[in-house]
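Numbers here are sequence positions counted from 1.
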Amino acid sequence: SGAVERRLAEFRAARGSAAASPRPAEPPGEAAAAEAAAGQRAAAAGPGGGVQARPGGAAAPVRARPLLLKVLLWAVLLALFAEVELGLPYFVLSLLYWMYAGTRGPAEQRRGELSAYSVFNPGCAAIAGTLTAEQLERELHYRPAAGR
């Protein structure tokens, strides 16, 4: 229980959650004014501020916007290529590029992360859930056939 509470406190501190440090009760008028001021500060921060203000009050990370723009650009280009009857090659080449871009090299591997292919791991360590020949033999109670 203590370890869970410690990890929750670390998560809240890292997230900057308001739940980690509850605010004292404020009168309704002051609370609304404080929220409006916070919304104006977030809107003033704009694209360089790290977060973008939404009408509902929740903040969206700025990095989500480039992804949306990339998808929209890809869709517009797909429509353009489809208009000149090159939509299928554009789509296939896009898929090939996404597969290439989605693969990570050893330099991009996180610290302590193991590869799915054990030969690339230090000491050929297998990841959890890998079925090895030794495990299969143990489970099948492999014994040589009688008479041989």
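Atoms CZ and CD, on R12 and E5 in that order, are 9.5 Å from each other to the nearest 0.5 Å. Distance OG1/T130 to CD/Q135: 9.0 Å, rounded to 0.5 Å. The CD atom of E10 sits 9.5 Å away from the CG atom of L8 when rounded to the nearest 0.5 Å. To the nearest 0.5 Å, atom CG of residue L78 and atom CG of residue L88 are 10.0 Å apart.
Both V84 and L73 are assigned to one and the same hydrophobic cluster, defined by single-linkage of ILVMFWY side chains at heavy-atom distances under 4.5 Å. Residues L86 and F91 share a single hydrophobic cluster, defined by chaining ILVMFWY side chains whose heavy atoms lie under 4.5 Å apart. There is no path of hydrophobic side-chain contacts, each under 4.5 Å, that joins W74 to L93. Under the 4.5 Å side-chain contact rule for hydrophobic residues, F81 and L96 do not share a cluster. One hydrophobic cluster, built from ILVMFWY side chains closer than 4.5 Å, holds both L140 and L131.
At distances below 3.5 Å, not a single donor-acceptor pair connects side-chain atoms of N121 with backbone N or O atoms of L114. Formation of a donor-acceptor pair under 3.5 Å by the S94 side chain with backbone atoms of Y90 is found in this model.
Ion pairing between a basic and an acidic side chain is recognised when a charged N comes within 4.0 Å of a carboxylate O; E134 and R138 show no such pairing.
Side-chain contact between L136 and T132 is absent, with no heavy atoms from C-beta onward closer than 4.5 Å.
Counted within 6.0 Å of CD on E83, heavy atoms from surrounding residues, nucleotides or ligands total 12 or fewer; the atom is thus considered open.
Across A126 and S118, no two heavy atoms sit closer than the pair CA-CB, 4.1 Å.
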Stepwise side-chain contact (heavy atoms from CB on, under 4.5 Å) test for W98 and L95 = CA-CA 5 Å; W98 288 333; L95 289 178; 3.7 Å; yes
